[in-house]
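Numbered from 1 within each chain, the chains take letters A, B, ... in sequence-line order.
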Amino acid sequence: MKRKQPPGYDRLCRELSAEERASKEANGIIPVVRFKIPLTGRTGFDDIIRGSVVFENSTLDDFVLLKSDGYPTYHLANVVDDHFMAISHVLRAEEWLSSVPRHVLLYRALGFEPPQFAHLPMLLGPDRSKLSKRHGAVAVTEYRDQGYLPEAMVNFLALLGWSLDDKTEILSREELVANFTLDRISQTAAIFNPEKLGWMDGVYIRRLEPADFVLRSLPFLERDLPAEVARPLDIDYVRRVLPLVQERARTLSEVAELTRFFFVTETMNDPALLIAKEMDRASTLKTLKVSLERLGSLPAFDEESLETVLRPLAEELALKTGQLFGTLRVAVTGRTAAPPLFQTMAVLGKTLCLNRIETALTKLS
RNA sequence: GGCGCAUUCGUCUAGGGGUUUAGGACACCUCCCUCUCAAGGAGGAGAUCACCGGUUCGAAUCCGGUAUGCGCUACCA
């Protein structure tokens with residue numbers, strides 16, 4: 001190729017006589033069996049997706065049918081196997097298009113009726129080249145391990161190169177099989193867009209029954225939560241924690257990170273975060289102290305009671321709710337972004353919350 | 001190099017001669033909701049339909065060429 005020579009077999013042994021063949025074999029040459037392509041004419045077929053495709057036979061080389069180890073190549077095996085399995089339609093990626101003439105020539109030579117062919121558009125990496133290992137995941141199992149739901153994966157993949165209409169994005173597997181038709185497959189290769197996959201996975205996660213979400217997330221929590229967290233996890237606690245993050249996760253593997261502070265003991269890493277906008281150390285310390293008192297005397301620690309105490313408290317301290325709740329959020333979770341405060345505190349429980357607020361108080365002063 | 005396939009917003013796509021000021025989705029931006037983050041709602045920006053020529057009263061839609069991209073060009077699949 002580099003020397004601008006047409007690559008491929010040079011047909012050196014195409015017309016060997018019986019004696020020549022015998023002599024070569026006597027010299028220990030182990031032969032391969034090739035297909036003798038007609039030197040002239042053309043071979044074409046009707047692709048379901050691309051229409052008529054025609055090749056000049058002269059551009060085809062005498063490809064190998066049987067390797068020197070006696071095993072068939074894909075070309076031979078595929079044709080023979082498909083014929084005996086009575087395959088009616090061959091659907092495969094576009095990268096196979098150029099080998100179809102070899103296959104139809106083989107079908108004919110064998111006296112078989114060629115099947116119908118449909119060459120699907122390929123999946124490309126972000127650099128527009130054939131999806132491969134260097135683009136990240138190629139095997140669907142890798143996506144499963146990364147926390148993508150199979151049903152989201154199926155939906156997403158189906159929409160790469162196929163569409164139902166001009167609007168529908170979310171289709172169940174059942175809707176897919178009921179509506180899928182070859183004639184709506186597009187002819188252009190599609191670049192795999194991980195952003196959209198993430199969005200779609202989030203849609204599917206939100207649609208999960210809460211109990212199912214727990215079931216599906218559990219293995220990821222067991223796998224990804226820090227080692228210091230005791231295993232097996234307390235399933236009842238997990239069941240109360242997870243609903244708070246179901247609509248916030250795009251993949252199941254994000255669940256561990258989103259819920260981490262519910263499980264680990266040490267959460268206050270950056271006390272500076274405690275100081276809310278337009279507040280200082282002194283006012284924050286005061287806020288934490290008063291909150292500690294009020295919360296400590298709270299008989300019930302459920303969402304409603306918490307709200308009933310904390311909302312008026314903001315006003316009493318002349319703070320915006322955002323400032324009070326923000327400070328408490330950091331105190332109790334260690335982070336500025338978390339599920340709604342009252343629900344979070346209710347799940348964490350009174351003891352843990354009070355402890356964490358005390359810790360925050362100590363770390364800040 | 002040869003052969004083949006393809007070419008509509010950044011990406012996935014609808015649309016297949018007049019209904020198109022080219023529709024939807026992801027991402028992006030703004031606003032609303034709101035204790036943060038999400039989710040949700042309402043808007044916005046984003047495509048001279050690769051280019052050139054032809055057919056036609058009329059072309060994103062049909063035809064040809066060019067360009068570009070991709071694939072194949074193995075005793076791989």
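Applying the Watson-Crick and G-U wobble criteria (two distances, each under 3.5 Å), B/rC31 pairs with B/rG41. Look at B/rA25: its Watson-Crick or wobble partner, with both distances under 3.5 angstrom, is B/rU11.
Using a 4.0 Å cut-off on heavy atoms, the residues of residues 329-353 of chain A that approach RNA chain B are A/Arg329, A/Thr336, A/Ala337, A/Ala338, A/Pro339, A/Pro340, A/Leu341, A/Phe342, listed by number.
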For nucleotides 6-10 of chain B, which of its nitrogen or oxygen atoms have a protein nitrogen or oxygen under 3.5 Å away, and what is each distance?
| from | atom 1 | to | atom 2 | distance (Å) |
| --- | --- | --- | --- | --- |
| B/rA6 | OP1 | A/Gln187 | OE1 | 2.8 |

What nitrogen or oxygen pairs link the protein and nucleotides 39-49 of chain B at under 3.5 Å?
| from | atom 1 | to | atom 2 | distance (Å) |
| --- | --- | --- | --- | --- |
| B/rA39 | O3' | A/Arg206 | NH1 | 3.4 |

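In this structure, A/Glu15 pairs ionically with A/Lys36, as a charged nitrogen and a carboxylate oxygen lie closer than 4.0 Å.
As a whole-Å value, the separation of A/Asp166 CG from B/rU19 C1' is 14 Å. Rounded to an integer number of Å, the gap from A/Leu123 CG to B/rC70 P is 16 Å.
Between A/Lys320 and the phosphate of B/rU34, there is no side-chain N or O to OP1/OP2 separation shorter than 4.0 Å. Checking the phosphate oxygens (OP1, OP2) of B/rC76, a side-chain nitrogen or oxygen of A/Lys67 falls inside 4.0 Å. Contact annotation: A/Arg184 side-chain N/O to B/rG15 OP1/OP2 distance is under 4.0 Å. Contact annotation: A/Thr59 side-chain N/O to B/rG2 OP1/OP2 distance is not under 4.0 Å.
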Test side chain to side chain contact (heavy atoms under 4.5 Å, CB included) on A/Val255 and A/Ile205 and set out the steps.
CA-CA 11 Å; A/Val255 173; A/Ile205 284 182; 6.0 Å; no

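For A/Phe220 and A/Phe213, the ring centers sit 6.0 Å or farther from each other.
Comparing B/rC5, B/rC35, B/rG71 by their nearest atom to the side chain of A/Leu97 picks out B/rC5. If you check B/rA25, B/rC12, B/rC37 against the side chain of A/Arg248, the one that comes closest is B/rC37.
Across all strands, A/Tyr74 comes closer than 4.0 Å to base atoms (heavy-atom distances). Among the protein residues, A/Trp96 comes within range of the nucleic acid bases, having at least one heavy atom under 4.0 Å from a base atom. In this structure, A/Glu195 reaches the sugar-phosphate backbone alone: every heavy-atom distance under 4.0 Å involves primed, P, OP1 or OP2 atoms, never a base. Nucleic acid contact for A/Met122: sugar-phosphate only, since backbone atoms but no base atoms lie under 4.0 Å from a heavy atom of the residue.
No hydrogens or angles were tested; on distance alone, a donor-acceptor pair under 3.5 Å links the side chain of A/Ser68 to the base of B/rC75.
For the C1' atoms, the distance linking B/rA25 with B/rA67 amounts to 30 Å, nearest Å.
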